[in-house]
Amino acid sequence: MTEQAVYDFTALENKWRDRWRRNRTMATPDPGPGDKTFYVLDMFPYPSGAGLHVGHPVGYLATDIVARYKRMAGYRVLHPMGWDSFGLPAERYAMKTGVHPEVSTEANIATYKRQMDLLGLGYDWDREIQTSSADYYRWTQFIFIQLYNAWYDAEAGAARPVDELPIPAEILAAGRRAVQKYQDEHRLVYYETAPVNWCAELGTILANEEVFNGKSEQGHKVVRVPLRQLKMRITAYAERLIADLEALDWPEGIKESQRQWIGRSEGVQLHFKVRGSDVEVETFTTRVDTLGGVTFLALAPEHELVDALTTPDQRAAVDAYRDEAACKSDLDRTRDAEKTGVPIGAAAINPVTGRPAPIYVADYVLPDYGAGAVMGVPAHDERDFAFAGKYGLDIVPVIDPGMNAPDRERVLAGRKCWIEDGVMLSPPKGGAGLYHAGMRWRDAREAVADHLEVKGLGKRKIAYNLRDWIFARQRYWGEPIPVIHWEDGTRTTVPEDQLPLTLPHIDNYKPTRQAQSPLERAEDWVEVTDPETGLKGRRETNTMPQWAGSCWYYLRFKDSRNAAAMVDPALEKAWGMVDLYVGGAEHATLHLLYARFWHKVLFDLGLVSTSEPFRKLVNQGLLTSHAFRNERGIILPIDEVASKENGVFVHAASGDVVTRVSAKMSKSLHNVVTPDDVVARFGADAFRVHMMFMGPLEAMREWETDRVASASKFLHRVWRFTTEGLANPSSDEGKPVSLALTRLVLAVTEDLDNLRLNTAISELMKFLKVAEGQPVSKATIDRFITVLAPFAPFMAEELWEMAGSSTSVFEAPWPRANEADLKAGIEKIEVVVQEGGKRRATIILAPDADDQTVREAAKARLAEMGKPVDGLDLNRVIVVRDRKSGQIKLANISVQAYSTSGV
RNA sequence: GCGGCUGUGGUGGAACUGGUAGACACGCGGGUUUUAGGAGCCCGUUCCUGACGGAGUGGGGGUUCGAGUCCCUCCAGCCGCACCA
């Protein structure tokens, strides 16, 4: 080879893209016995119409690099990609343009796929799935049916088939319909009429997890309306969902978000007698110790006892208040600092004091938490304090903040709310057993709870913030729910051998009326007749939420073409948990919680072999672009701003001076950069190297296309170095070069194992710095190419071919090196001499010199510098060695070691 | 308010279990080559000082022979949750 080829990245990348596709280089065979497996997964995307921008592939690049490395390191690697292709945007697009979601989805997928190929993302496309294809959602429906036909056995702590649900004798005696009703009430999938989150703009109801500050993800208003809804009993798993987080290698923030979302709190459910009535009101409290301080009860407006307890003179006011509360959006209801309510005329009896506590309806009480009713203790709860203040209710303290509390007097006078430490006051009168004067309130709480349980007035209970998952959506573009409602009032699921229940084509995607799915229009599809009995029925017309498909897709990748099962059990087991899962943090309480829930159900039912789906989770940081902000804080698009020579930015139209700021990529700011742009300018390898070199995967960063030039420059140097070396390999390579290669292999391997891709790339740069312009052996060049390959796969393949190989570089084994080679290669070492931790000088020593030699040498060096070392206690000289290699790094002389000499 | 995360040069960021702070880059400065260059190559680049030397990882305090790293405390920023009784 005499003529040095030019690094023509476009031609070279096209060549290998094509060759990889033809040779199916990235296809993953199923694992065989004894194979080491590694499952690395990206959160699959919803294929939107806009295609990928440079921010999307941050995580995909990282997993691709890891997957290629692991494969070379001898693992059987599963690294698939698919499409979360059901969802609202496609349906809304269809409403506007009339283009069927299936058509637009296909087009979008084609774009995504082309862009992913462009970047050299080595997915095994043989395993590609899309949630909207019937081959896939057939199994989503299958799983739905498994959940439908299961109940949660609290004693066993696991889900079981509903056939195994013990039926109480009296139900059994009441007949078949009673049994069926009983079973229906226990299923993991059930119907219930309850207030739900209704978004009129989207024409659908939403799950609690999909409502943010009273608005939908898109910012549309959400209100609570009572509707009959399909739910999944995720709350049955609350305890396990919290407990099993412990063992997962996930970011602490995500785990904590889930814990908070589930929101476990221990308390007591207790009932209050209503004065002059047999009715009792259940309340839930975490502070039974404050029972004596209860001066009112507050019921949620939706509470079922409100009607019965409201007195005639309060009826009108109560009804008006309830109507008002019903119309309020979640935002109005939760954000109003002001506590409002209306007395219903009845009063409960405080069991400690015997005094009446008026009952209110108040919308700060949520209907679906605890008992939907609270005991008001204004003295020791800030919300209750605010409420009592507004309506002039008694404020009776039961806890003494203690002598040292500055606010003690005001608390005891009922003018301030106290929620911190303290001891129980003496009871106003009586209340034995429910009052523990002098006891710290935390202890009193337990004592009172014990007492209530013994007397049958209440019992300990754990309440969760988590609500059951509202599972139905009034949409077209989602999985049909395989349920049939029969005219006799019964309900069945579609027989499994009739799956998939395919989505019918319709012409109009608008909801028919409030909370009715557009599927209602597909009359032929909706109406069914039982062929055996002639019974008529209607199909469920709601569809599944977007999260359904993503709840189990990681399982399907293991066996994505299986027509007979969701996944072959042997393959499910062989691949095991996802070893590395990379995606955005925005799914903390949505996808990641739902997927864990389904996985646990499948585990209980024996369909999967692990109790958790994802072993290690990493959230990639957000990639921003930039924009400009003027003095009024308005963000301006980048093309409306000009840069002046003095580094000042000026808004072209107004002449205002503006500042450059980080901003999310968005169409309106005209700051979207696509991978296509970057690849055309610098090539995919440079894009990959730059993106990963920018910083840690988890960190947020700002994109600047010009900066890819740095990675491009590096790759040009790599190209020149390697091609020159291959043209003229040397038989006697210098020691510094071979040492640098050993160090490179060790460092890159360690960095890859820890997902430190930025430092791995800097190691490649360091090696190049040492080896450039030096004689280099063929063996060293080969090893360098293999180490480069995960990062710059296109160039590595080309160089590998030039190096004489006829197979892919990804068939090559990952090079090995050991620490001992490094150590053996070093003859002399520079040791730092410190004085009291401050660097003073360096000495040259053999790396294996013993401590005494180091100490003497350090002392001699200090003497040379004119330091008074006569009284130096050599034992006080601390010699520090590298933990791994045992090499000396530094010698530190304690300043106190001089003190004996009196200096 | 609650919770999580983060504060290191002009910039992005290195520094594994406490052990030479600023690796590797960007930018900037100087030099060189020259085919025009916003190209290549080489050198320099934390701050103060002419130098010796000193200071330095958001502020303050502590532990230690030695602290970016551990502990306490305060400050700032980012993200998530938020009437859950």
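All of these numbers come straight from a predicted model, not from anything done at the bench. Just so we're on the same page: letters track the sequence lines, and every chain starts at 1.
Rounded to an integer number of Å, the gap from CD of A/E702 to P of B/rA25 is 22 Å. One atom, CD of A/E698, and another, P of B/rG80, lie 18 Å apart when rounded to the nearest Å. Computed from coordinates, the A/W261 CH2 to B/rG3 P distance equals 19 Å when rounded to whole Å. Rounded to an integer number of Å, the gap from A/K255 NZ to B/rC81 C1' is 19 Å. Regarding A/H587, its NE2 atom lies at a distance of 16 Å from the C1' atom of B/rC79, rounded to whole Å. A/I419 places its CD1 atom 15 Å from the P atom of B/rC83, with the value rounded to the nearest Å. Atom-to-atom, CD of A/E835 to C1' of B/rG53 comes out at 13 Å; the value is rounded to the nearest Å. Regarding A/I254, its CD1 atom lies at a distance of 14 Å from the P atom of B/rG4, rounded to whole Å.
With both ends at atom C1', the span from B/rU46 to B/rU11 equals 13 Å, rounded to whole Å. When the C1' atom is compared between B/rC26 and B/rU33, the two are found 24 Å apart, to the nearest whole Å. Comparing the same atom, P, in B/rC70 and in B/rC78 gives a spacing of 24 Å after rounding to whole Å. Nucleotides B/rG27 and B/rA76 place their C1' atoms 27 Å apart, quoted to the nearest Å. Taking atom P on both nucleotides, B/rG77 is separated from B/rU63 by 32 Å, rounded to a whole Å. Using atom C1' as the reference point in both B/rU69 and B/rG19, the two lie 11 Å apart (nearest Å).
Ring-plane geometry between A/H690 and A/W703 is classed as perpendicular, the angle between the planes exceeding 60 degrees on a 0 to 90 degree scale with a lower cut at 30. Between A/Y360 and A/Y391, the ring-plane angle classifies as tilted under the 30° and 60° cut-offs.
Across all strands shown, B/rU32 forms a Watson-Crick or G-U wobble pair, both distances under 3.5 Å, with B/rG40. Of the nucleotides present, none pairs with B/rU64 by Watson-Crick or G-U wobble criteria with both distances under 3.5 Å. The nucleotide B/rG77 finds its pairing partner in B/rC5, both defining distances of the Watson-Crick or G-U wobble pair being shorter than 3.5 Å. Using Watson-Crick or G-U wobble geometry with both donor-acceptor distances under 3.5 Å, B/rU11 finds its partner in B/rA25. Here B/rC16 sits opposite no nucleotide as a Watson-Crick or G-U wobble pair (both hydrogen-bonding atom distances under 3.5 Å). Using N1 to N3 plus N6-O4 or O6-N4 for Watson-Crick, or N1-O2 and O6-N3 for G-U wobble, each under 3.5 Å, B/rU57 pairs with nothing. Remark: B/rC52 base-pairs with no nucleotide in the shown strands. Criterion, Watson-Crick or G-U wobble with two distances under 3.5 Å.
With salt bridges taken as basic N to acidic carboxylate O contacts below 4.0 Å, none links A/D363 and A/R322. Ion pairing between a basic and an acidic side chain is recognised when a charged N comes within 4.0 Å of a carboxylate O; A/R460 and A/E266 show no such pairing.
What you find for A/L845 and A/A857 is that their closest heavy atoms are CD2-CB, 4.1 Å. Between A/P301 and A/V361, the shortest heavy-atom contact is CA-CG1, 4.2 Å. Between A/V377 and A/D384, the closest heavy-atom pair is N-OD2, 2.9 Å.
For A/W261 and A/Y594, the ring centers sit 6.0 Å or farther from each other. Aromatic ring centres of A/F693 and A/F714 lie farther apart than the 6.0 Å criterion allows. In summary, the aromatic rings of A/F9 and A/F682 are positioned with their centroids too far apart to meet the 6.0 Å limit.
The residue A/R264 sits apart from the nucleic acid: no heavy atom pair falls under 4.0 Å. Within 4.0 Å (heavy atoms only), A/S265 reaches sugar-phosphate atoms of the nucleic acid but no base atom. Heavy atoms of A/E256 sit under 4.0 angstrom from primed sugar atoms or phosphate atoms, though from no base atom. Here A/P251 lies out of heavy-atom contact (under 4.0 Å) with every strand.
Mapped onto RNA chain B by nearest heavy atom, A/D368 and A/V880 fall at different nucleotides, with A/V880 at the one closer to the 5' end. The residue among A/A699 and A/Q260 whose nearest nucleotide of RNA chain B lies closer to the 5′ end is A/Q260.
Checking B/rC65, B/rG80, B/rC26 against the side-chain heavy atoms of A/S710 singles out B/rC26 as nearest. Residue A/P696 places its side chain closer to B/rG13 than to any other of B/rG13, B/rG19, B/rA85. For A/M765, counting side-chain heavy atoms from C-beta on, the closest listed nucleotide (B/rG19, B/rC24, B/rC83) is B/rC24.
Base orientation of B/rG58: anti, the glycosidic angle falling outside 90° of 0.
Between atom CG of residue A/L592 and atom NZ of residue A/K255 there is a gap of 13.0 Å, rounded to the nearest 0.5 Å.
A side-chain contact (heavy atoms from CB on, under 4.5 Å) with A/L746 is found for exactly one of A/T749, A/T742, A/V748, namely A/T742.
A heavy atom lying under 4.0 Å from RNA chain B marks the following residues of residues 739-762 of chain A, by number: A/N758, A/T759, A/S762.
With hydrogens and angles ignored, the 3.5 Å screen pairs a side-chain donor or acceptor of A/N197 with a backbone N or O of A/L206. Looking only at distances, no side-chain donor or acceptor of A/E698 sits under 3.5 Å from a matching main-chain atom of A/V618. A donor-acceptor pair under 3.5 Å links the side-chain atoms of A/R701 to the main chain of A/A699, judged by distance alone.
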Sort me out a list of protein N/O and nucleotides 36-47 of chain B N/O pairs below 3.5 Å, or just none if empty.
none

Filtered N/O pairs between nucleotides 6-12 of chain B and protein, under 3.5 Å:
from, atom 1, to, atom 2, distance (Å)
B/rG12, O2', A/M694, O, 2.7

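Residue A/K766 places none of its side-chain N or O atoms closer than 4.0 Å to OP1 or OP2 of B/rA23. Applying the 4.0 Å criterion to OP1 and OP2 of B/rA23, one finds that A/K769 has every side-chain N and O outside that range.
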